[in-house]
Each structure stands twice: as C-alpha cells, then as structure tokens.
Amino acid sequence: MKKKLMSAILAGVLTMAMLAGCGTAAGTTVEDGDKSETEELAEDPAEEAGEEETAGGGKIGVAMPTKDLQRWNQDGTNMEAELLAAGYEVDLQYASNEIATQVSQIENMINSGCELLVIASIDGDSLGTVLELAKEKSIPVIAYDRLIMNSDAVSYYATFDNYMVGTKQGEYLRDQLDLDNADGPFNIELVTGDPGDNNARYFFGGAMDVLQPYIDAGKLVVKSGQTSFETVATANWASEASQSRMDAIISANYADGTKLDAVLCSNDSTALGVVNSLEANYTGEWPVITGQDCDVANVKNMIDGKQAMSIFKDTRTLATKVVEMVDAIMQGGEAPVNDTITYNNGTGVIPSYLCEPIFADKDNYVELLIDSGYYTEDQLK
Ligand code: BGC
C-alpha cells in the first residue's frame with residue numbers, strides 16, 4: 001500500500017511535470033529539469049487551456065548492465081526503439097558489469113533531467129544511495145528484469161516470471177531423465193548465476209523445488225556435493241567461471257568414465273561455459289543441459305545437440321510492457337501490473353508485471369525464434 005500511495009504521489013508530480021513539458025517537442029532533451037514544477041506550470045499554455053496531455057515527451061534513462069551478454073543488447077535496443085517511437089528521448093547506458101560505472105551513469109541520468117529511470121541492475125543491492133537522489137527529485141524507477149533491493153525509490157518491477165523459469169528447467173530435467181519411472185540413480189551437477197542478482201535465487205529455487213525431492217530420495221546424485229546456492233553460484237554469470245568450475249568438477253568426479261547425466265544451468269552464459277568444459281574434458285555420453293535466454297550461440301548448440309533446452313524470454317515483449325508502464329506513469333496514471341505479492345525488495349512488495357517465459361528446444365525453435373522474426377535463419381547457421 002505504501003508503494004501504491006507513493007506511486008500515486010509520484011504520478012501526480014509527474015503529471016505536472018509532463019504538462020509542463022507540453023511545449024517540448026518529443027525526442028528533445030528537457031534541459032531545465034531542475035526548474036520547479038510551479039514555475040513551469042505557469043508557463044504552460046496547454047495546461048492553462050485545460051488541454052489533455054498525450055503520450056510521449058520527456059527523457060527516460062535506461063541503464064543496462066553490460067554489452068557482453070547478447071540479451072542485454074537486445075533489451076537495450078528494443079527499449080530504445082520503442083521509447084523513441086512513443087515520443088520519448090532516451091539516455092541508454094551500458095555499464096560493463098561494473099557497479100561503480102552503473103551508479104555514476106544513473107547519477108548522470110538524474111542530474112541531466114531524466115524524468116523516469118528504467119534500470120537493469122548489476123548488483124541489486126548497490127543502488128540504494130544513488131536512488132535516494134532519484135527519490136528526492138521524485139523520479140520514478142522501474143526495475144527492469146532484475147529487482148533492485150532495499151530501496152524504497154523503486155516504484156515498479158517488470159520481469160519474466162523468474163521462479164517459473166526455474167521450475168520449467170527442473171521439470172524438463174525430470175521429464176528427460178524420466179525420474180518418476182526410471183530406476184536411476186542419475187548424476188547431476190548444478191550451476192546457477194550471480195549472487196548479487198536477485199533473479200538467480202528464484203531460478204535456482206524454482207528448479208530445486210522440482211529436483212530436491214529426487215535428490216533426497218537418492219534418484220538424483222550430485223557427485224560434487226555442491227548443492228547450496230552459494231557453492232553453485234557463478235560470479236557475474238560469466239561463462240569462464242562456470243567453465244573452470246565444471247573443469248574442476250569433472251576432473252574430481254567424472255574423469256574415470258563416470259556418466260554425468262544432467263547439468264542444471266540457470267542460463268545460457270553458464271551453459272556455454274559448461275559445454276566448453278565438457279568438450280575439453282569429458283568423454284562420456286553427453287548430459288542433458290538446460291539454459292535460459294535463447295542466445296544465438298546456445299540455440300546453435302541446441303541444434304547441434306550440445307544443449308538440450310533453453311528458456312525463451314522474448315525481450316520485445318518485456319520492452320513493450322515496460323514502455324506501456326513508462327507511458328502510464330508519465331501520464332500520471334498507475335502502471336499495469338499483474339503481481340502484487342511475490343517481489344518484496346526489503347522495503348515492501350514492489351508491484352510487478354511478470355511476462356511468461358517459454359520453453360524452447362530443437363523441436364520448437366523454428367516456430368518460436370525464426371517464424372516470430374526474433375532471429376533470421378542465417379543468424380542460426
Ligand atoms: C536474467 C537472465 C540472464 C542473466 C545473466 C538475469 O538477471 O534474468 O535472463 O541470463 O541475468 O545476464
């Protein structure tokens with residue numbers, strides 16, 4: 001409720017700010033972001049005439065974590081294109097996975113007149129201080145894909161259903177290994193993502209809610225013994241890190257020809273590292289490997305049988321939804337949400353919009369990824 005109230009107040013302030021911007025052509029920078037709203041309102045002819053504000057206008061800051069991973073490039077490009085098409089000016093920044101860089105980019109956005117921030121954080125816990133500044137200036141913040149923790153400056157969260165991503169991965173492994181019928185036991189290893197990314201715990205938690213009973217029953221065996229979130233996490237989601245961890249696991253547990261039946265990988269960058277490691281070190285029958293994002297390299301691996309599945313998170317859908325949210329807020333309304341219980345960032349539940357993640361494998365990728373125009377056939381050759 002506290003959030004709702006805050007959003008309503010923010011929305012009110014923003015309506016005034018938007019009305020003040022009526023005379024500004026869409027796509028141009030609001031240069032006098034520090035001017036008081038009263039001052040601006042008095043100058044606004046549309047407001048005086050009681051005319052209705054239309055969508056668009058104003059500068060939106062979009063902070064993305066890194067260009068290193070394919071998905072964030074797509075997210076950034078889609079967001080920018082859709083915001084521009086809706087009439088906004090866009091300040092899009094990537095931070096090379098460096099927290100300090102992201103903090104200073106956000107600070108610049110705030111100081112250069114951005115009226116709303118869309119942020120995919122590198123470390124969900126590191127933005128509290130800079131977002132205090134946003135709050136002071138009544139700049140609403142939408143956490144994009146990754147929840148920003150312990151900051152009451154966050155107005156909304158837009159993401160894919162992260163827990164569902166994990167359960168889909170777990171269910172896939174359960175079904176592929178036929179855990180309910182086959183005798184087993186089957187050997188599995190677990191790889192998840194960055195501990196500073198709140199999503200990682202949801203992915204891992206969702207998958208483990210499916211897999212843990214089989215581990216408890218002895219049907220699934222984690223030979224490395226590494227099962228806690230901390231031991232299976234991958235700093236920065238880096239392929240190199242998951243590769244070297246898998247190198248060590250293989251040499252300690254599977255070098256003697258022991259079969260590795262499955263590897264739970266929470267996303268595609270970690271899956272890529274695991275595949276690289278297996279190709280270099282493992283001689284047994286190829287395990288079932290999961291992933292997430294449908295990155296080009298991983299879809300190619302799916303076609304080649306090196307990665308069994310991925311989760312398709314259509315970044316176009318998320319961008320469209322976030323632009324809808326931006327528009328609603330910029331027009332003084334409330335953003336559309338479909339979840340008001342799941343994501344508590346430590347200051348309260350953040351109203352969220354969860355898009356649905358879709359299962360992808362070699363049997364449906366053509367329809368899902370090529371026919372939908374997400375990739376061209378050539379990109380996957
Ligand atoms: C995203 C995933 C992505 C991972 C690594 C997560 O927060 O939800 O789609 O694979 O970060 O960038």
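Numbering of ligands and ligand atoms starts at 1, following listing order.
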Asks: Considering the options Val274, Thr192, Leu190, which one meets the side chain to side chain contact (heavy atoms under 4.5 Å, CB included) requirement together with Cys265?
Replies: Val274
Asks: Taking any residue with a non-hydrogen atom under 4.0 angstrom from an atom of ligand 1, which ones do you get?
Replies: Leu69, Arg71, Trp72, Asp145, Arg146, Asp197, Asn199, Phe203, Trp237, Asn267, Gln292, Asp293, Lys313
Asks: So, using ring-ring contact (aromatic ring centres under 6.0 Å, His included) as the criterion, who are the partners of Phe312 when residues are at least two apart?
Replies: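 With neighbours one apart ignored, the set is Tyr374.
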Asks: For the residue pair Asp209 and Tyr163, establish whether any side-chain heavy-atom pair is separated by less than 4.5 Å.
Replies: yes
Asks: State the CG-CG distance between Leu211 and Leu179, to the nearest 0.5 angstrom.
Replies: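 The distance works out to 7.5 Å.
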Asks: With a 4.5 Å limit on heavy-atom distance, are the side chains of Ile142 and Tyr157 in contact?
Replies: no
Asks: Quick check: do Ile110 and Val130 have side-chain heavy atoms less than 4.5 Å from each other?
Replies: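 A side-chain contact exists here, since the closest heavy-atom pair is under 4.5 Å.
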